[in-house]
Amino acid sequence: AAMRRAWVLMDLGRFDEARERFERGLLPRLLDLLPAAERFDYWFSYGNTLAELGELEEADAALGRAICVAMSDLNDNRRASRAWSRLLDIATDQHAWGFLAREGEAAASWAASAGEPTLEVSALWRRALALRVLGREAEAHDALLRIRALAERLGLREARAAVELALSAV
């Protein structure tokens with residue numbers, strides 16, 4: 001019930017109050033007793049709340065916990081991919097280019113090992129964008145080449161075309 005209240009507060013845009021629900025009361029104290037799927041939902045929602053409050057590093061920690069629950073307790077790559085994608089969305093929205101360059105590589109590496117090509121392409125694309133904004137053109141070019149190779153291997157014509165366009169601009 002406490003998590004549902006936090007979700008309602010999130011839906012209403014009352015993120016400070018939602019954060020209080022996630023951090024105080026019974027919910028955090030009983031967290032270890034919850035089923036793994038509910039622990040994932042807690043960390044994922046808490047991370048989203050922190051992101052809405054502009055707290056990128058704290059959101060990263062919470063979403064990292066969601067990823068750990070998804071992988072270790074649930075053996076669920078789909079949920080882990082969802083948390084990684086959300087983290088990349090947050091960093092992009094907040095223009096946290098250094099963070100995105102670093103975490104984009106981590107997400108792409110995880111996605112490659114987990115067999116999650118959609119996340120891998122997305123993470124590399126965002127990493128390339130961040131590197132370009134940071135003025136690290138050679139690294140951005142390398143990230144684009146990785147996307148092109150992945151797109152060729154997977155038969156992703158649209159992704160390959162977008163990479164070719166981006167490569168011509170780098």
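To the nearest 0.5 Å, atom CD1 of residue Ile67 and atom CG of residue Asn77 are 11.0 Å apart. Distance check, rounded to the nearest 0.5 Å: CZ of Arg127 to CG of Leu134 gives 10.0 Å. Atom-to-atom distance recorded for Ser109:OG and Leu124:CG is 8.0 Å, nearest 0.5 angstrom. Taken to the nearest 0.5 Å, the CG atom of Leu131 stands 12.0 Å off from the CZ atom of Arg102. Taking CE from Met3 and CG from Leu34, the interatomic distance works out to 6.0 Å, rounded to the nearest 0.5 Å. One distance of note links CD of Gln94 with CG of Leu56; it measures 5.0 Å at 0.5 Å rounding.
Residue pairs satisfying the salt bridge (charged side-chain N to carboxylate O under 4.0 Å, His left out) criterion with at least one member in residues 79-94, sequence neighbours excluded, are listed as follows: Glu52-Arg86, Asp76-Arg79, Asp89-Arg126. For residues 24-42, the set of pairs meeting the side-chain hydrogen bond (donor to acceptor under 3.5 Å, both in side chains) definition, not counting sequence neighbours, comprises Arg39-Asp73. The side-chain hydrogen bond (donor to acceptor under 3.5 Å, both in side chains) analysis of residues 57-71, with sequence neighbours excluded, yields the pairs Arg19-Glu58. The salt bridge (charged side-chain N to carboxylate O under 4.0 Å, His left out) contacts involving residues 4-14 comprise Arg14-Glu17, where partners must be two or more places apart or lie in separate chains. Residue pairs that meet the salt bridge (charged side-chain N to carboxylate O under 4.0 Å, His left out) test with at least one member in residues 140-153, sequence neighbours left out, are Glu105-Arg146, Arg148-Glu164, Glu152-Arg160.
Leu129 is connected to Leu119 through a chain of hydrophobic side-chain contacts under 4.5 Å among Ile, Leu, Val, Met, Phe, Trp and Tyr, so both are in one cluster. Note: the hydrophobic cluster containing Val69 also contains Leu63 (ILVMFWY, side chain heavy atoms under 4.5 Å, direct or indirect links). Under the 4.5 Å side-chain heavy-atom criterion for Ile, Leu, Val, Met, Phe, Trp and Tyr, Phe40 and Trp110 are members of the same hydrophobic cluster. Leu53 and Val8 are members of different hydrophobic clusters when ILVMFWY side chains are connected at heavy-atom separations under 4.5 Å. Both Leu88 and Trp43 belong to a single network of hydrophobic side chains, linked directly or stepwise wherever heavy atoms of I, L, V, M, F, W or Y lie under 4.5 Å apart.
Taking both residues in full, the closest heavy atoms of Ala128 and Ala140 are given as O-CB, 3.6 Å, listed atom of the first, atom of the second, then distance. Pro117 and Leu150 get closest at one heavy-atom pair: O-CD2, 4.2 Å. In this structure, Arg21 and Pro28 approach most closely via the heavy-atom pair O-CD, 4.3 Å. Here the shortest heavy-atom pairing between Ala130 and Ala101 reads CB-N, 3.7 Å. Here the closest non-hydrogen pair linking Gly47 and Ala59 is O-CB, 3.4 Å. The shortest heavy-atom contact between Ala108 and Ala123 is N-CB, 3.6 Å.
Applying the ring-ring contact (aromatic ring centres under 6.0 Å, His included) criterion to Trp125, with sequence neighbours excluded, gives no partner residue.
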For a side-chain contact (heavy atoms from CB on, under 4.5 Å) check, start with the C-alpha distance between Leu9 and Phe22, then their side-chain angles and the critical distance, and finish with the verdict. CA-CA 11 Å; Leu9 292 167; Phe22 285 117; over 6 Å; no

